[in-house]
2 protein chains.
Amino acid sequence: MISNRQAKEREQRKEQILSSALSVFKKHGIEKATMDEIAKEADFGKATLYYYFSSKEEIFAEQLVRGWRMIWESIEPIVHQTNQPKNTFIDSLNTIGALVRKDQVLFEFLFTAPKALPDAAGESNQDWKKYQKKMYGVLQSLLEEAIEKKEFPEIRSDMLMRAIGGLFHGLFFLGDNKKIMSRETMEEFITVFIGNYGKS
Amino acid sequence: MISNRQAKEREQRKEQILSSALSVFKKHGIEKATMDEIAKEADFGKATLYYYFSSKEEIFAEQLVRGWRMIWESIEPIVHQTNQPKNTFIDSLNTIGALVRKDQVLFEFLFTAPKALPDAAGESNQDWKKYQKKMYGVLQSLLEEAIEKKEFPEIRSDMLMRAIGGLFHGLFFLGDNKKIMSRETMEEFITVFIGNYGKS
DNA sequence: TTAAATTTCGACTCATTGTTCGAAATAAGA
DNA sequence: TCTTATTTCGAACAATGAGTCGAAATTTAA
C-alpha cells in the first residue's frame, strides 16, 4: 500500500530531479547534460534516478509534457474570449510572455529542446506535441479570423505564424545579454510590428 | 615542395570533408555528427580526416569561418551604399535571404551551430565571430541611422535587431515544411512588418 | 626506375556515459 | 519488535566515439 504522503514525497523527488535536469541543461545544453551531473545536482546517486525515470530521455520528455501542458492551460481560457481576434491574439502573446518571464530557462528548454531530442522516441515520449499543436493551432486560427476581419494584413497565416513566432523568440532569447523582456517593451514591439495595422 | 595543383586538390579534399560534415549535421545535428559518419560520407577513412583537420571541432570551426566570411563579403559592398539607411538595411536582408535560399542547410548550420559549440575553444576557432560581429554591427548602425531619420520607430536598436533577427530566422527556418522562402514573400513581410513605417 | 614526399587507413587506445545489478539502508505496517 | 515494502546507491557493464600510431599505398620528382 502506498500512502498519500508517500505519493506526494515521491512526486517531490521527481520534481527535484526534473529541476536539476533543467539547471544542468542550462549549463551545457541537452546533449551534454549527463546523468552523472543531474544526479549530483539533485543529491541522489545516479542509479536512483533510474528508480524514478526509466531513461535520460524520459526525464526530458516529462519536462516537456509538464511545460507544454502548463502553457496550454494558461492559454486556453484566453483564446475562448469573445473579443476581437486580434486582441485575443495579443493577450495570448502577453500571457506567454509573462510565463517566460517567470522561468526563462524552462522556456528556453521548451522551445529549443524539441529539435535536439531524438524523434524516433515512440509512444508516450511525444505527448507534449499534443499540447504544442493545440496551441499553435488555436493561435493560427485566431490569426486567420483576424485576417478575415481585416485586423491583420492578408498574408498566408502559416507564414505569419512563423514570423511572429520568430519575432517572439528573438525578443526573449536572442542576444548575449539575456535581459528579461518587460511587459511594456514587449507590448511596444507588438504595437510597432503588428499592432498598428488597420488603425486610423 | 608542394605544387599548385597539389594545393588545389588538397583544398578540394578539404571541401569534400566540409560538405560531408554539413550533410551529416543536417541529418543528426552537430552533437551527434560523428567523425565515423562524416568519414563514411566523404569516402575517406576516419584517420584521414585527421590528416586534414586536427579535430572534429576544427572542422566545424572552419565551416563557420568560411560561411560567415562569405556572408560578410556579400553584405559589405551593400552597406556602403549612400542611400536611405532603411533601404540599405532592407537590401541587406534581401541579400542574405538570397544566400540562404541557395544553401539553406549551410545557413541553418551557421545560425544555430554557434550555440552548440563549446565556447572555451581558444584562439583561432573563434575567428568566425569577427565576421559575425562586423555584420551585426553594421546592420545595427544602419538601424540607428534609420531611427535617427525617423524611418523607423524609436525603439532601442538592440531590441529591434533581436526582433528582426528572430523574424528573419522564423521565416526561413521555423515550421515543419522547410519550404524555400521566395524573394517576393520575404519582401512582402518586410513591408508589412517594418517597411510601412513612416510612409504616407 | 628509384628515393623521397604525400596521402590513406586499419587497428588500437582511452575516456565518457547511459544503463543495470544486487545488496544495503530506511521507512511502514502488524 | 519483526516482517515487508520502499528507497538508495556503489560498482560494474557495454556501447559509443574522439583521437593516435605505424605502416602501407600512391604520387612526385629526379
Side-chain angles (χ1 to χ4, degrees), chain A residues 1-18 20-25 27-63 113 116-123 125, chain B residues 1-18 20-21 23-25 27-63 113 116-118 120-123 125:
Chain A
M1 203 40 212
I2 202 165
S3 82
N4 214 340
R5 178 177 57 74
Q6 270 173 307
K8 200 183 287 178
E9 279 180 4
R10 195 170 168 159
E11 169 61 20
Q12 278 172 350
R13 279 175 231 127
K14 270 192 141 186
E15 274 166 21
Q16 190 187 348
I17 293 171
L18 287 175
S20 304
L22 199 60
S23 86
V24 174
F25 160 83
K27 269 191 269 181
H28 306 298
I30 197 168
E31 303 288 346
K32 292 203 177 129
T34 70
M35 292 299 266
D36 284 284
E37 199 168 347
I38 296 172
K40 210 166 74 185
E41 184 84 23
D43 250 315
F44 278 124
K46 180 162 62 157
T48 305
L49 301 196
Y50 285 89
Y51 181 73
Y52 291 96
F53 296 94
S54 73
S55 70
K56 177 182 166 182
E57 196 188 318
E58 197 186 88
I59 293 182
F60 288 108
E62 179 72 21
Q63 190 77 263
L117 234 61
D119 248 16
E123 323 243 339
N125 278 11
Chain B
M1 202 39 211
I2 202 166
S3 82
N4 214 339
R5 178 176 57 74
Q6 268 173 309
K8 198 181 291 177
E9 279 180 4
R10 194 167 166 161
E11 169 62 21
Q12 278 172 350
R13 277 175 234 129
K14 270 191 142 187
E15 275 166 20
Q16 190 187 347
I17 292 171
L18 287 176
S20 304
S23 86
V24 174
F25 159 83
K27 267 190 272 182
H28 306 298
I30 196 167
E31 304 288 347
K32 292 205 177 131
T34 70
M35 291 299 266
D36 285 283
E37 196 168 348
I38 297 173
K40 210 166 76 182
E41 183 83 24
D43 250 315
F44 279 122
K46 177 163 66 160
T48 305
L49 300 196
Y50 286 90
Y51 182 73
Y52 291 97
F53 297 94
S54 72
S55 70
K56 177 182 163 179
E57 195 188 317
E58 199 186 86
I59 293 182
F60 287 109
E62 179 73 21
Q63 190 77 262
L117 233 62
E123 321 246 335
N125 278 11

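Naming convention: chains lettered A, B, ... in sequence-line order (proteins, then strands); numbering from 1 in each chain. What's counted below: heavy atoms across the whole structure, side chains too, no hydrogens, waters or symmetry copies.
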Taking the side chain as C-beta and beyond, is there a heavy-atom pair between A:Gln63 and A:Phe25 under 4.5 Å?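 Side-chain contact under 4.5 Å: no.
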
Which of the following nucleotides, [options], is nearest to the side chain of [X]?
X	options	result
A:Phe44	D:dT28, D:dT8, C:dT17	D:dT8
A:Arg10	D:dT28, C:dT8, D:dT7	D:dT7
B:Lys56	C:dT7, D:dG19, C:dG18	D:dG19
B:Ser55	D:dG19, C:dT7, D:dA18	D:dG19
A:Ala47	D:dA29, C:dT19, C:dC21	C:dC21
B:Gln6	D:dA18, C:dT7, D:dT28	D:dT28

Would you find a donor on one side and an acceptor on the other, under 3.5 Å apart, between the side chain of A:Lys56 and the backbone of A:Ala33?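 Yes: the side chain of A:Lys56 pairs with the backbone of A:Ala33.
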
Check whether more than 12 heavy atoms from other residues, nucleotides or ligands sit under 6.0 Å from atom NZ of A:Lys8, and answer yes or no.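 Open.
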
Evaluate whether atom NZ of A:Lys40 has more than 12 neighbouring non-hydrogen atoms of other residues, nucleotides or ligands under 6.0 angstrom away.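 At most 12 heavy atoms, drawn from other residues, nucleotides or ligands, come within 6.0 Å of this atom.
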
Rounded to whole Å, please give me the gap between [atom1] in [X] and [atom2] in [N].
X	N	atom1	atom2	value
A:Met35	D:dA12	CE	P	20 Å
A:Ile59	C:dT17	CD1	P	15 Å
A:His28	C:dT17	NE2	C1'	14 Å
A:Asp36	D:dG10	CG	P	11 Å
A:Glu57	C:dT17	CD	P	18 Å
A:Lys8	C:dA28	NZ	C1'	18 Å
A:Asp43	D:dC9	CG	C1'	13 Å
A:Asn4	C:dA27	CG	P	19 Å

Looking at every non-hydrogen atom in both residues, tell me the closest pair between B:Thr34 and B:Val24 and how far apart they are. N-CG1, 4.4 Å

Are OP1 or OP2 of [N] and a side-chain N or O of [X] less than 4.0 angstrom apart?
X	N	value
B:Arg5	D:dT28	yes
A:Tyr50	D:dC9	no
A:Tyr51	D:dT7	yes

Mind checking if [X] touches a base, just sugar-phosphate, or nothing, with heavy atoms under 4.0 Å?
X	value
B:Thr48	base
A:Phe53	nothing
B:Ala7	nothing

What about B:Lys46, does its side chain sit under 3.5 Å from the base of D:dG19 through a donor-acceptor pair? yes

Do A:Gln12 and A:Gln16 pass the side-chain contact (heavy atoms from CB on, under 4.5 Å) test, and can you show the C-alpha distance, the side-chain angles, and the key distance before you say yes or no? CA-CA 6 Å; A:Gln12 278 172 350; A:Gln16 190 187 348; over 6 Å; no

Between B:Glu9 and B:Thr34, which is nearer to the 5' end of DNA chain D once each is assigned its nearest nucleotide?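 Result: B:Thr34.
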
